[in-house]
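Heads up: the structure comes next, in structure tokens.
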Amino acid sequence: MKSDCKKATVCQERKKDPIEMFHSGQVVKICAPMVRYSKLAFRTLVRKYSCDLCYTPMIVAADFVKSIKARDSEFTTNQGDCPLIVQFAANDARLLSDAACIVCPYANGIDINCGCPQRWAMAEGYGACLINKPELVQDMVKQVKNQVENPRFSVSIKIRIHDDLTRTVDLCRKAEATGVSWISVHGRTVEERHQPVHYDAIKIIKENMSIPVIANGDIKSLKEAENVWQITGADGVMVARGLLANPAMFAGYEETPLKCIWDWVDIALELGTPYMCFHQHLMYMMEKITSRQEKRVFNALSSTSAVLDYLTDHYGILGEDRTRCEEKKMTLQWAAVATFLYAEIGLILIFCLPFIPPQRWQKIFSFHVWGKIATFWNKAFLTIIVLLIVLFLDAVREVRKYSTAHTIEKSATSRPNAYEHTQMKLFRSQRNLYISGFSLFFWLVLRRLVTLITQLAKELSAKRMLKNQAENTNEAAKQYMEENEKLKQMLKSQGMKEEYILEAENKKLVEDQEKLKTELKKTSDALFKAQNDLMTMKMQSERLSKEYDRLLKEHSELQGHLEKGNKKGL
């Protein structure tokens with residue numbers, strides 16, 4: 001398994017049990033395991049056209065467990081490759097359980113190949129020979145169930161039928177009893193290759209099972225798939241060669257649409273599909289839409305660039321439509337941002353024109369329309385900032401993604417055309433990065449420029465007001481100075497008269513002052529004398545008061561003696 005594919009475990013679909021799809025009441029459409037063909041690129045294509053569940057090509061479990069190189073070359077996946085079943089060819093329960101543990105984080109389940117009729121597989125004890133070894137199949141299912149810790153990890157088997165159908169039913173019942181999740185049945189025996197498929201046998205097997213059964217064999221259109229689903233009562237249909245010839249079959253197309261061919265080109269180049277696989281898939285897809293002469297020419301092509309040139313020359317209308325669609329997609333996603341960037345640059349240049357003063361811009365900003373817009377200005381500014389940051393981060397992610405792919409594919413000599421394709425995507429992602437980055441930068445500059453223009457206009461207005469005030473003050477001071485000069489001249493003309501009057505008045509004031517000083521002195525002396533008299537009178541009054549008290553006391557004593565003498569005379 002490639003290291004860049006290990007990150008695929010975060011896929012949300014892997015959390016969903018594929019068995020749930022078999023109980024939906026709708027036909028489950030499945031891409032069969034095909035050696036060399038049902039790899040990641042092809043699985044990505046058929047998923048785009050309504051395929052519900054995909055299998056990997058058959059992988060030999062022993063080699064997968066023992067060889068890191070085998071794991072890297074045989075099993076690749078990514079985040080969108082789900083739900084996914086990995087098919088193993090095995091004849092040893094321990095090796096199969098080890099292989100299942102390795103792929104468990106990257107897939108929804110494993111499938112045991114019990115139906116491959118190829119001689120080499122049967123000679124090694126793999127494939128269809130296992131339908132004659134039900135005990136070994138049971139043991140492998142048990143071991144995987146015991147080893148894998150995830151209870152939702154499915155274990156299924158894909159079988160062919162026996163000539164004696166009772167043996168097939170017995171095998172299926174034993175597998176069901178062991179805990180197998182579902183059974184895929186190819187309705188032919190080991191010896192049969194192109195004979196009609198025994199759909200009646202699949203129906204009988206389904207009637208004897210309580211687990212899901214998948215019908216497989218010679219299904220070449222969606223209508224046939226639905227018919228087989230109705231006839232057999234199966235829970236799903238599995239298609240191999242029908243999908244090779246028409247990967248859009250499950251989407252209802254009778255033959256491969258040209259859009260599907262271009263989708264395959266895009267997917268194969270992006271994932272670095274080897275040329276042989278890339279070319280052979282196109283040969284299958286184009287078999288029904290090309291003439292015999294065209295097939296000879298196309299099958300003889302020997303490089304990816306030659307294939308792309310052929311497709312462009314013969315299907316140029318679609319190529320042009322596809323390019324237009326990509327351009328429209330680009331217009332919807334990035335042309336608006338680029339237009340916004342140019343508008344920003346234009347506004348900044350206009351704001352910086354030297355012959356339009358800030359006051360003029362302030363008048364423009366004060367228009368009624370701008371006043372209404374200004375109410376939502378901050379919200380709009382923050383919203384655009386957030387959008388530009390999101391676009392910028394998305395562009396950074398794209399650049400990092402294709403820079404990594406660029407480094408990997410540059411060193412891989414087997415993928416020159418994929419390298420060119422990745423280079424083109426890297427260029428576009430870098431362009432988008434520059435557009436979003438400069439849009440964000442100029443938006444911030446524009447916001448700051450508008451703020452500075454507004455502040456400068458206010459400062460210039462304040463400066464003009466201060467200048468007007470200074471001029472008015474100067475005019476007033478000038479008038480005051482002129483009036484002062486006039487007053488001085490009037491005073492000079494009156495001159496001596498005023499001096500005489502003032503001198504006489506001053507003299508009179510001095511005389512009055514002297515009189516007041518004399519009177520004040522007399523008053524002070526009289527006051528001082530009155531204060532001395534007051535003190536003398538106060539002292540005399542105190543002496544009289546004491547003499548009065550003494551006489552009153554003597555009178556009281558005399559009165560007492562008199563009363564005592566009267567009492568004794570009685």
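Throughout, numbering of the chain's residues begins at 1 and tracks the sequence.
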Candidate pair I261 and L282, rule side-chain contact (heavy atoms from CB on, under 4.5 Å), full reasoning: CA-CA 7 Å; I261 293 174; L282 285 173; 3.7 Å; yes
Derivation and outcome, side-chain contact (heavy atoms from CB on, under 4.5 Å), residues R400 and V396: CA-CA 6 Å; R400 291 181 64 184; V396 170; 4.0 Å; yes
side-chain contact (heavy atoms from CB on, under 4.5 Å) between Q147 and D98, worked out: CA-CA 8 Å; Q147 284 288 105; D98 290 343; 4.3 Å; yes
Worked check of side-chain contact (heavy atoms from CB on, under 4.5 Å) between V103 and F64: CA-CA 10 Å; V103 301; F64 189 80; 3.6 Å; yes
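Under the ring-ring contact (aromatic ring centres under 6.0 Å, His included) criterion, Y310 pairs with F298, H314, sequence neighbours left out. Every residue two or more places apart in sequence or in another chain that forms a side-chain hydrogen bond (donor to acceptor under 3.5 Å, both in side chains) with Y49 is listed here: D263. Residues forming a ring-ring contact (aromatic ring centres under 6.0 Å, His included) with F22 (at least two apart in sequence, or on another chain): W182. With sequence neighbours left out, the side-chain contact (heavy atoms from CB on, under 4.5 Å) criterion links K486 to no other residue. Under the rule for a ring-ring contact (aromatic ring centres under 6.0 Å, His included), F250 has no partner lying at least two apart in sequence or in another chain. The side-chain hydrogen bond (donor to acceptor under 3.5 Å, both in side chains) check on R550 picks up E547, E554, with sequence neighbours excluded.
The backbone N or O of N108 sits nowhere less than 3.5 Å from a side-chain atom of R152 that would complete a donor-acceptor pair. Using modelled atom types, no side-chain atom of T76 and backbone atom of D72 make a donor-acceptor pair closer than 3.5 Å. Distance alone, capped at 3.5 Å, is enough to place a donor-acceptor pair between the W264 side chain and the F278 backbone. Side-chain N or O atoms of N472 include one that pairs as donor or acceptor with a backbone N or O of N468 at under 3.5 Å. No side-chain donor-acceptor contact under 3.5 Å links D52 to the backbone of I30. Listed for the S73 side chain is a donor-acceptor partner under 3.5 Å among the backbone atoms of A70. For E74 (side chain) and I59 (main-chain N/O), no donor-acceptor pair under 3.5 Å exists by modelled atom type.
A pairwise comparison of heavy atoms in I348 and L446 identifies CG1-CD1, 3.9 Å as the closest pair. When all heavy atoms of K145 and S181 are compared, the closest pair comes out as NZ-OG, 3.9 Å. The two atoms that bring T56 and S38 nearest to each other are C-OG, 3.6 Å, heavy atoms only. The two residues F42 and C31 come nearest to each other via the heavy atoms CE2-SG, 4.0 Å. The heavy-atom pair separating T312 from L308 by the smallest distance is OG1-O, 2.8 Å. The two residues R47 and C54 have their closest heavy-atom pair at NH2-CB, 3.4 Å.
Contact of the R397 side chain with the D394 side chain is registered, since non-hydrogen atoms from C-beta on lie closer than 4.5 Å. L558 is not listed as a side-chain neighbour of L562, based on a closest heavy-atom distance of 4.5 Å or more. Here the side chains of V386 and T383 are not in contact, with every heavy-atom distance at 4.5 Å or above. Counting heavy atoms from C-beta on, the side chains of T44 and D81 never come closer than 4.5 Å. Counting heavy atoms from C-beta outward, I110 and F153 have side chains that approach closer than 4.5 Å. Contact of the R543 side chain with the M539 side chain is registered, since non-hydrogen atoms from C-beta on lie closer than 4.5 Å. With contacts defined as side-chain heavy-atom distances shorter than 4.5 Å, the pair L84/Y106 does not qualify.
The distance from the NZ atom of K29 to the OG atom of S50 is 6.0 Å, given to the nearest 0.5 Å. For the atom pair OH of Y275 and OG of S305, the computed distance is 8.5 Å after rounding to the nearest 0.5 Å. The structure places NZ of K39 at 9.5 Å from OG1 of T273, a figure rounded to the nearest 0.5 Å. Atom OG1 of T523 is separated from atom CG of L527 by 8.5 Å, given to the nearest 0.5 angstrom. Atoms CG and CE, on L243 and M249 in that order, are 5.0 Å from each other to the nearest 0.5 Å. In this structure, M285 CE and L45 CG are separated by 5.0 Å, a value rounded to the nearest 0.5 Å.
L440 pairs in a side-chain contact (heavy atoms from CB on, under 4.5 Å) with only one of the listed residues (I384, L388, L387, L341), which is L388.
Classification of the F442-F438 ring pair by plane angle, with boundaries at 30° and 60°, yields parallel.
Ion pair K546/D549 not flagged as a salt bridge, since none of the NZ, NE, NH1 or NH2 atoms sits closer than 4.0 Å to an Asp/Glu carboxylate oxygen.
Atom CD of E557 has more than 12 neighbouring heavy atoms from other residues, nucleotides or ligands inside a 6.0 Å radius.
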